[in-house]
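Some notes on the structure that comes next.
FYI, side chains are in, hydrogens and waters are out, and symmetry mates aren't considered; it's all heavy atoms of this structure.
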Amino acid sequence: GYTLDSKSVTQGEISKGGETKLNLINVYTATGSFRPQGDKGLIGKDIKDYQFNFVVICNGQVIQTVKNDKDGKIAFEDIPYTTDDIGKTYVYKIVEERGLDPHITYDDAEYEITVKVQDDGNGKIIAVSNNVMANFSNEYSYDYPETGKEKLLALLILSIVVLLSA
């Protein structure tokens, strides 16, 4: 909205037959924000036991790093805009940071969100996006020793042969 600038002259003395000039300077400001949306899935394990890191990047700069909650919802934060941003377009890239768990195959997806910053004329910024949902899915796999698989298969075949020959 509009506010009166501190440089405004709002007082003066009026004398009979004279005039006083007031100088009122209005300053327009607008604010608003945008919050990316996303979910995290984990195949093979319950997501509630795992937290993963997600990064939001704009112009090559990391602007936030967040985690998922116990339900897999990614807890992105608001990205604030001011009057200086009106008319600009921002492109954000969202990626998952690779973790160190050798049992997890991490999602390599990159999501690109474009946000156009507009003004409603009443002090509120409207962030118009291409509504991209950042949905990541990792897979948990159990390690079985390579020799264990062959031995187990051989033992199973041998057991079947023994049962059939009895």
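- To the nearest 0.5 Å, atom CD of residue Gln64 and atom CD1 of residue Ile57 are 11.0 Å apart.
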**OP:** Just do the side-chain contact (heavy atoms from CB on, under 4.5 Å) check on Asp84 and Ile86 with the steps written out, would you?
**Re:** CA-CA 6 Å; Asp84 294 337; Ile86 294 171; over 6 Å; no
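- In this pair, Tyr50 and Tyr140 present their aromatic rings tilted. The plane angle is within the 30 to 60° band.
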Got a list of side-chain donor-acceptor pairs under 3.5 Å for residues 70-77, not counting sequence neighbours?
| residue | atom | partner | partner atom | Å |
| --- | --- | --- | --- | --- |
| Lys73 | NZ | Gln37 | OE1 | 3.2 |

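- Tyr28 contributes a side-chain N or O that, together with a main-chain N or O of Gly123, makes up a donor-acceptor pair within less than 3.5 Å.
- Contacts classified as salt bridge (Lys or Arg N to Asp or Glu O under 4.0 Å) and involving residues 31-50 (residues at least two apart or in different chains) are given here: Arg35-Asp78, Lys40-Glu96.
- Between the side chain of Gln51 and the backbone N or O of Asn68 there is at least one donor-acceptor pair closer than 3.5 Å.
- Residue Gly41 comes nearest to Ile47 through the heavy atom pair C-CD1, 4.3 Å, listed as atom of the first residue, atom of the second, then distance.
- Distance check: Leu42 CG to Ser137 OG gives 7.5 Å after rounding to the nearest 0.5 Å.
- Ring planes of Phe54 and Phe136: tilted class, angle from 30 to 60°.
- Counting all heavy atoms, side chain and backbone alike, Ile125 lies closest to Thr82 at CD1-O, 3.2 Å.
- How far CD1 of Ile79 is from OG of Ser33: 9.0 Å, rounded to the nearest 0.5 Å.
- Of the inter-residue distances, the one linking Asn53 atom CG with Glu97 atom CD reads 4.5 Å to the nearest 0.5 angstrom.
- You'll find the ring centres of Tyr111 and Tyr92 outside the 6.0 Å limit.
- There is a path of hydrophobic side-chain contacts, each under 4.5 Å, that joins Tyr142 to Ile104.
- A donor-acceptor contact shorter than 3.5 Å is absent between the side chain of Asp107 and the backbone of Asn138.
- Val95 and Val115 are not part of a single hydrophobic cluster, where members link through side-chain heavy atoms under 4.5 Å apart.
- At distances below 3.5 Å, at least one donor-acceptor pair connects side-chain atoms of Thr83 with backbone N or O atoms of Ala30.
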Subject >> Test side-chain contact (heavy atoms from CB on, under 4.5 Å) applied to His103 and Asp101, step by step >> reply: CA-CA 5 Å; His103 298 282; Asp101 191 328; 3.3 Å; yes
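- For the residue pair Asn59 / Tyr90, no side-chain donor-acceptor distance below 3.5 Å is found, with atom types taken as modelled.
- Scanning both residues, Gly121 and Asp119, for their nearest heavy atoms gives N-OD1, 2.9 Å.
- Residues Ile63 and Val66 are members of one and the same hydrophobic cluster, defined by side-chain heavy-atom contacts under 4.5 angstrom among Ile, Leu, Val, Met, Phe, Trp and Tyr.
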